[in-house]
Amino acid sequence: AQRVTQPEKLLSVFKGAPVELKCNYSYSGSPELFWYVQYSRQRLQLLLRHISRESIKGFTADLNKGETSFHLKKPFAQEEDSAMYYCALQGAQKLVFGQGTRLTINP
Amino acid sequence: NAGVMQNPRHLVRRRGQEARLRCSPMKGHSHVYWYRQLPEEGLKFMVYLQKENIIDESGMPKERFSAEFPKEGPSILRIQQVVRGDSAAYFCASSPQRITPTGTTEAFFGQGTRLTVV
C-alpha cells in the first residue's frame, strides 16, 4: 500500500523560529517524495523533491528511509511561508498526497 | 502556456443531477490526474489517465463516477446522480510524462472545481 501521513493539521510558529513539518510514508518500493505548497488563493505547486537535494526558499527535506520520513525544515520562518503544505509520494502508477499541514507564521 | 485550466470553478447541483468537471492540461501534457479534497481532509487520488487510456482508477468510487481523456479536448470527470457527500473540491493536475524524480517532470495543478450538492 502507498500511504503518506502528515500528523499535524495545523502548525503555528513565530517569525524567525525554526519550522519542521512532519511527513511519514509507507511504500514497499523505492520512494520518490515531494513537497507541494499552496499559498493563499494560488494553485498547488511543487516546492521541492527529495532527489534533487536542493533548498528552495530556505526549505530542505531529507529522506530518512530508516524512519520512513521526509520532514520539511526551515531554520528561520518568514511570514510569507504561511501556506498549506502537502507531502507526496510517487508510486508505480500514482502520486499520493498526505492530508496537508496548514502552517501559520505569527509576526 | 496558460497552465492547467479547470472549469467551472464553482458548480452547484441538486441531488440526483449529473456533474461534469473539465480539465484542460497544459500544452504538450498527455498525463492527467484527478484528486478530490473533502472539507478538512487532504488530496485523495482518484484517477490517472493518459490520452485515451485510464492507467490507474483505484481511487474512483465504483459507482456513479467516471473519467475520460479523449484524443481531442479536455479530460472530463463525470459524476452521475450526485449526492451531498460528493460536495468537495476536485483538482486536476497534468504532466508531460509520467512523474519521475530523475528529470524535471512534475505535476502542475489547476485551481480546482468546487462542487456543491444541494
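Just so we're on the same page: letters track the sequence lines, and every chain starts at 1. Since this is a predicted model, take the numbers as computed values, not measurements.
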**Q** Please check if atom CZ in R114(B) has more than 12 non-hydrogen atoms from other residues, nucleotides or ligands closer than 6.0 Å.
**A** no
**Q** Give me the atom names and distance for the closest heavy-atom approach of R41(A) to Q111(B).
**A** O-NE2, 4.2 Å
**Q** If you count heavy atoms of other groups shown closer than 6.0 angstrom to CD of Q17(B), is the number above 12?
**A** yes
**Q** Answer yes or no: is there a donor N or O on one side and an acceptor on the other, between the side chain of R43(A) and the main chain of G3(B), under 3.5 Å?
**A** no
**Q** Can you confirm whether Y39(A) is buried at OH, in the sense that more than 12 heavy atoms of other residues, nucleotides or ligands lie under 6.0 Å from that atom?
**A** yes
**Q** For atom CD of E80(A), decide whether the heavy atoms of other residues, nucleotides or ligands shown that lie under 6.0 angstrom number more than 12.
**A** yes
**Q** Count the heavy atoms of every other residue, nucleotide or ligand shown that sit under 6.0 Å from NZ of K51(B), and state whether that count exceeds 12.
**A** yes
**Q** Verify ring-ring contact (aromatic ring centres under 6.0 Å, His included) between F97(A) and F109(B), making sure each step is shown before the conclusion.
**A** CA-CA 13 Å; F97(A) 287 81; F109(B) 279 80; 5.7 Å; yes
**Q** With rounding to the nearest 0.5 angstrom, report the NE2 to CG distance, H31(B) to L95(A).
**A** 13.0 Å
**Q** Would you say that Y86(A) contacts L43(B) through its side chain, given a criterion of any heavy-atom pair below 4.5 Å between the two side chains?
**A** yes
**Q** Measure distances from R102(A) to the heavy atoms of chain B and classify the residue's part below 4.5 Å as side chain, backbone, both or neither.
**A** neither
